[in-house]
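Reading through the structure tokens given below for one structure.
Quantities reported herein were computed from a predicted structural model and do not represent experimental measurements. Note that ligands are numbered from 1 as they come in the structure, with each ligand's atoms numbered from 1 the same way.
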Amino acid sequence: MRHLRVPNRAVEENLTLLRDRGWLAPGMRVLSHEDGEHRLVPLDPGAPIEMPAPFDIHETVLLEGSLDSRVDPNWRNHLALLVGEEEVAAFGEDWPSSHEFISDMMIVRIENNLEKYTPQIAEAKLLAHPHIRLVLNDEGVQGELRIRELTPIGARVGGEIVTDNIPDSVGSTRVLVRESGRAIACDPNKAYFSTKLQSERLETLSLAKELRQLLDRPISVCDPFCGVGPALATLLAEPDLIGHALASDLNPEAVRLLLDNLRRWDRRNYPSEPFPISRVFEDRVIGIADATQLCEDHSLVGYWDLVIVNLPHRTIELLPSLVPLLNRSNPSMIRGRVIVSESEIGDANEEIKRALPNLIQGLPEPSLRIKRDYSSTLRLCSFEAWISPE
Ligand SMILES: C[S@@+](CC[C@H](N)C(=O)[O-])C[C@H]1O[C@@H](n2cnc3c(N)ncnc32)[C@H](O)[C@@H]1O
């Protein structure tokens, strides 16, 4: 979590200013800095990437946030009161200790052996996190569209916690998530979206800026697995970074949310109903498409300076069908994510290089960097490849 490093004497004033703008992370604590002269104020994920005046005189630092302890934030303490200390100890690490926040929803994954405790898990999580409206059990990502199967298991209804017969009125999963100064409409029941990829998106932003510097002009970006469009949210927020953009996805519901998002981010009148990929504006190609077939459209081939490949379980296999989209009249870049077992990272690096055209000499070769665990053996990795002109 980003924190603003402010002198001790300026904490109150900055807290007020940040709170007024909605940039103060709710439920998180202000921390002491090791130098004793500063404090670290937790920033909401929706706060701008580059903090404007009057905050720009302070450094932003990344460190793990700490929950405000006026409510006992340890859900296990609440759980122990609901199921008993012995049960908590008996199932040890099987209890769902991690969770993902998407706006005012919390997503947990409950192991099969703990299914009977689902209501107590939901209640304990809601007690520990007073800003949460709805707790959902993640039953895994389904099919090619990578949609999560999410079941509501607990909700706050008029101040009461309910774990049974959750009314539809509080069960809606369509929410606005604030990230890097933008509001992203998403519905994890209908289209893939993960808040855990914010740092990945910031890394893509910094690579895109490097490419702009190399080309000395706004770049054209192609995001053919765009989902609801979070990568574009970050890129479009940077002035003069993006010239032309292609955003497409196979899932019509993802495209519906994307259109809603683009209408706000791009301030243009996008249609509201999803449609097959088409040139909506002279510099915007948007719609439903199978990414592997984009290269059959000659107007899209050889056009894009940056191609984002975000289907990590198939990235390497799909690279040959995406490479023709690159603009090979100048340096270009492929930015991708890959799921691979740790022992096979070396082989995967070689496979990526074989699937790509000539790389730019003197710049680092594509090399998978582990971002996090996907399972006990698989790792979620990312890479970027700088492609030389033809
Ligand atoms: C892992 S998600 C990434 C979504 C988005 N880029 C993000 O970061 O949130 C992969 C996306 O690829 C889409 N998809 C799967 N197969 C596809 C294909 N053949 N062509 C286009 N999109 C596809 C899915 O619908 C899903 O939205």
Which residue and heavy atom of the protein sit nearest atom 10 (C) of ligand 1, plus the separation | Asn310 O, 3.2 Å
Give yes if a backbone or side-chain nitrogen or oxygen of Arg314 is under 3.5 Å from a nitrogen or oxygen of ligand 1, and no if not.
-> no
With a 4.0 Å heavy-atom cut-off (strictly under), which part of Leu145 contacts ligand 1: side chain, backbone, both or neither?
-> both
Looking only at protein heavy atoms, identify the closest one to atom 20 (N) of ligand 1 and say how far it is in Å.
-> Ala291 N, 2.8 Å
Sequence-distant partners of Arg256, side-chain hydrogen bond (donor to acceptor under 3.5 Å, both in side chains), two or more places apart = Glu253, Glu273
Indicate, as side chain, backbone, both or neither, the part of Pro224 found under 4.0 angstrom from ligand 1 when only non-hydrogen atoms are considered.
-> backbone
Lys/Arg-Asp/Glu bridge criterion (N-O < 4.0 Å) met for Glu179, Arg182 | no
Heavy atom under 4.0 Å from ligand 1: found in Pro230's side chain, backbone, both, or neither?
-> side chain
Within the structure, does Ser248 bring an N/O atom to less than 3.5 angstrom of an N/O atom in ligand 1?
-> no
Contact check, side chains of Arg146 and Asn251, non-hydrogen atoms, under 4.5 Å = no
Could you tell me whether the side chain of Arg337 and the main chain of Pro312 form a donor-acceptor pair under 3.5 Å?
-> no
How about Phe101 and His131: do any of their side-chain heavy atoms sit closer than 4.5 Å?
-> yes
Close side-chain approach of Ser199 to Lys371, heavy-atom, < 4.5 Å | no
Is the closest heavy atom of Leu311 to ligand 1 under 4.0 Å?
-> yes
Do ligand 1 and Asp290 have nitrogen or oxygen atoms that lie under 3.5 Å from each other?
-> yes
If you have a sec, work out which protein heavy atom is nearest atom 15 (C) of ligand 1 and how many Å separate them, to one decimal?
-> Glu144 O, 3.1 Å
NZ/NE/NH1/NH2 to OD/OE distance under 4.0 Å, Arg372 and Glu200 | no
Can you name the side-chain hydrogen bond (donor to acceptor under 3.5 Å, both in side chains) partners of Asn113, sequence neighbours left out?
-> Asp94
Does the side-chain hydrogen bond (donor to acceptor under 3.5 Å, both in side chains) test come out yes or no for Thr234 and Arg201, once each step is laid out?
-> CA-CA 7 Å; Thr234 314; Arg201 297 190 260 275; 4.9 Å; no
Residue part near ligand 1, for Ala289, under 4.0 Å between non-hydrogen atoms | backbone
So with a 6.0 Å cut-off around CD of Glu139, is the heavy-atom count from everything else above 12?
-> yes
When distances are taken from atom 11 (C) of ligand 1, the protein heavy atom at minimum range is Asp249 OD2, 3.6 Å
Kindly identify the option in Thr195, Thr315, Leu250 whose heavy atom sits closest to atom 18 (C) of ligand 1.
-> Leu250
Ligand 1 atoms nearer than 4.0 angstrom to some heavy atom of Asn251 are 25 (O)
Can you check whether Phe225 has an N/O within less than 3.5 Å of an N/O in ligand 1?
-> yes
Report yes or no: does Cys226 have a heavy atom closer than 4.0 Å to ligand 1?
-> yes
